[in-house]
There are 2 protein chains.
Amino acid sequence: MANDSSYKDKKVITIGIVRDLTGLSERQIRYYEERKLIFPERSSGGSRKYSFADVELLVEIANKIEDGVQTHEIRKEMLRAQKKQNQNDVTRKMIQGQLNAQFGLRKGPSS
Amino acid sequence: MANDSSYKDKKVITIGIVRDLTGLSERQIRYYEERKLIFPERSSGGSRKYSFADVELLVEIANKIEDGVQTHEIRKEMLRAQKKQNQNDVTRKMIQGQLNAQFGLRKGPSS
DNA sequence: CGTGTAAGGAATTCTGACACG
DNA sequence: CGTGTAAGGAATTCTGACACG
């Protein structure tokens, strides 16, 4: 396994707690979602659920906005970073595939 | 620093999400608190807030109850484990203190 | 003992909109 | 553009109690 799916990325924090954790207003938090900067999940009843990673991202977003960066710019930055990450993933997988093809490899734990 | 205070122990999960995460009923979750097995924090408005560690503990508690162990027994087990842990901590600190007294030690980062 | 449930109230969250600028 | 706010409604949570066993 790569990284434990662990706690950081589980969406379990409601907006009120995110407010307390970040110091942002609920209005701000919802607005950043509207601008496609953050993507909470929803409970069955419709309440937003955030992860710790989301909480940290929200703080970064708020800092940039304080610095005068517009949400649209922030979004473009994020998309670029995302794209770069995806490309890295693809590259890594491709190289791994080549290695497997050349040398063969165990799939499960060596039994 | 010892261990990052990290995500596992931060009390940020409301009872409804704990219910979804554990499969337990809210009644059960509150009852285990009444029996002193679990200690959520409270939001300013009075809502319970749990950590991931709490969620895992709740599952363990529920398993023991399913096995016929009574809450009072579970509590005693937990207190014993707690006591042992405290003793380990004290011992470790005492030894560390002796080492410091004997050999002296830097307090901050070596500047 | 451990859990379900109905009861009434309070706190939480949601959406769409108006406001300022 | 980013944020505050009042509005009305729905979902969430809380406590104390009765019930079963």
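The figures that follow rest on heavy atoms only: side chains count, while hydrogens, waters and symmetry mates do not. Throughout, a chain's letter reflects where its sequence line sits, starting with A, and its residues are numbered from 1.
For D:dT15, the OP1/OP2 oxygens have a side-chain nitrogen or oxygen of B:R48 closer than 4.0 Å. Taking only side-chain nitrogens and oxygens, A:S25 comes nearer than 4.0 Å to OP1 or OP2 of D:dG4. Of the side-chain N and O atoms in B:T14, one or more sit less than 4.0 angstrom from OP1 or OP2 of D:dT13. Distances shown here put every side-chain N or O of A:Y32 at or beyond 4.0 Å from the OP1 or OP2 atom of D:dG2. Under 4.0 angstrom from either OP1 or OP2 of D:dG2 there lies at least one side-chain N or O belonging to A:T71.
In this structure, OH of B:Y31 is placed 16 Å from C1' of C:dT5, rounded to the nearest angstrom. Note: CD (B:E33) to P (C:dT3) measures 15 Å, nearest angstrom. For the pair B:K49 NZ and C:dT12 P, the computed distance is 10 Å after rounding to whole Å. Atom C1' of nucleotide D:dC14 and atom CD1 of B:I29 are separated by 14 Å, given to the nearest angstrom. Across the protein-nucleic acid pair, B:Q70 atom CD and C:dT3 atom P stand 11 Å apart, rounded to whole Å. Rounded to whole angstrom, the span from the CD atom of B:Q28 across to the P atom of C:dT5 amounts to 11 Å. Atom CG in A:L37 sits roughly 12 Å away from atom C1' in D:dG2 (whole-Å rounding). Straight-line distance from the CD1 atom of A:I15 to the P atom of D:dT13: 15 Å, rounded to whole Å.
With sequence neighbours left out, A:T91 forms a side chain to side chain donor-acceptor pair (under 3.5 Å) with A:Q87. For A:Q102, there are no side chain to side chain contact (heavy atoms under 4.5 Å, CB included) partners, not counting sequence neighbours. When the side chain to side chain donor-acceptor pair (under 3.5 Å) test is applied to A:Q70, no partner is found at least two apart in sequence or on another chain. When the salt bridge (Lys or Arg N to Asp or Glu O under 4.0 Å) test is applied to B:E60, no partner is found at least two apart in sequence or on another chain. Residues that satisfy the ring-ring contact (aromatic ring centres under 6.0 Å, His included) test with A:F52, not counting sequence neighbours, are B:Y7. Partners of A:S43 under the side chain to side chain contact (heavy atoms under 4.5 Å, CB included) rule, at least two apart in sequence or in another chain, are A:S47, A:K49. Listed by chain and residue number, B:Q85 satisfy the side chain to side chain donor-acceptor pair (under 3.5 Å) test with B:D89 (two or more places apart in sequence, or in another chain).
A donor-acceptor pair is defined here as one N or O able to donate and one able to accept, closer than 3.5 Å; no such pair exists between the side chain of B:N86 and the backbone of B:K83.
With a 4.5 Å cut-off on side-chain heavy atoms, A:K10 and A:S51 do not count as touching. The side-chain heavy atoms of B:L21 and B:I17, taken from C-beta on, include a pair separated by under 4.5 Å. Counting heavy atoms from C-beta outward, B:M78 and B:L57 have side chains that approach closer than 4.5 Å.
One distance of note links CD1 of A:I29 with CD1 of A:I15; it measures 5.0 Å at 0.5 Å rounding. Taken from NZ in A:K76 to CZ in A:R80, the straight-line distance is 7.0 Å, to the nearest 0.5 Å.
For DNA chain D, none of the residues of residues 57-69 of chain B falls under the heavy-atom distance limit of 4.0 Å.
With D:dG2, C:dT12, C:dT13 as the choices, the nucleotide that has an atom nearest any side-chain atom of A:E26 turns out to be C:dT13.
A salt bridge does not link A:E73 with A:K64: every distance from a Lys NZ or Arg NE/NH1/NH2 to an Asp or Glu carboxylate oxygen is 4.0 Å or more.
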Per-nucleotide pairing state of DNA chain C [Watson-Crick or G-U, under 3.5 Å; [ ] pseudoknot-crossing; | other strand]
.||||.||.|.|.||.||||.
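Comparing B:E34 and B:S43 by the nucleotide of DNA chain C that holds the closest heavy atom to each, the one mapping nearer the 5' end is B:E34.
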Atom pairs under 3.5 Å: protein N/O with N/O of nucleotides 17-19 of chain C:
none

Pick out the pairs of N or O atoms, protein on one side and nucleotides 7-10 of chain C on the other, that lie under 3.5 Å.
none

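Base engagement by B:R30 is indicated by at least one non-hydrogen atom pair under 4.0 Å involving a base atom.
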Show me the donor-acceptor pairs within less than 3.5 Å that the side chains of residues 32-41 of chain A make with the rest of the protein, sequence neighbours left out.
from  : atom 1 : to    : atom 2 : distance (Å)
A:E33 : OE1    : A:R48 : NH1    : 2.8
A:R35 : NH1    : A:Y31 : OH     : 3.2
A:R35 : NH1    : A:T71 : OG1    : 3.0

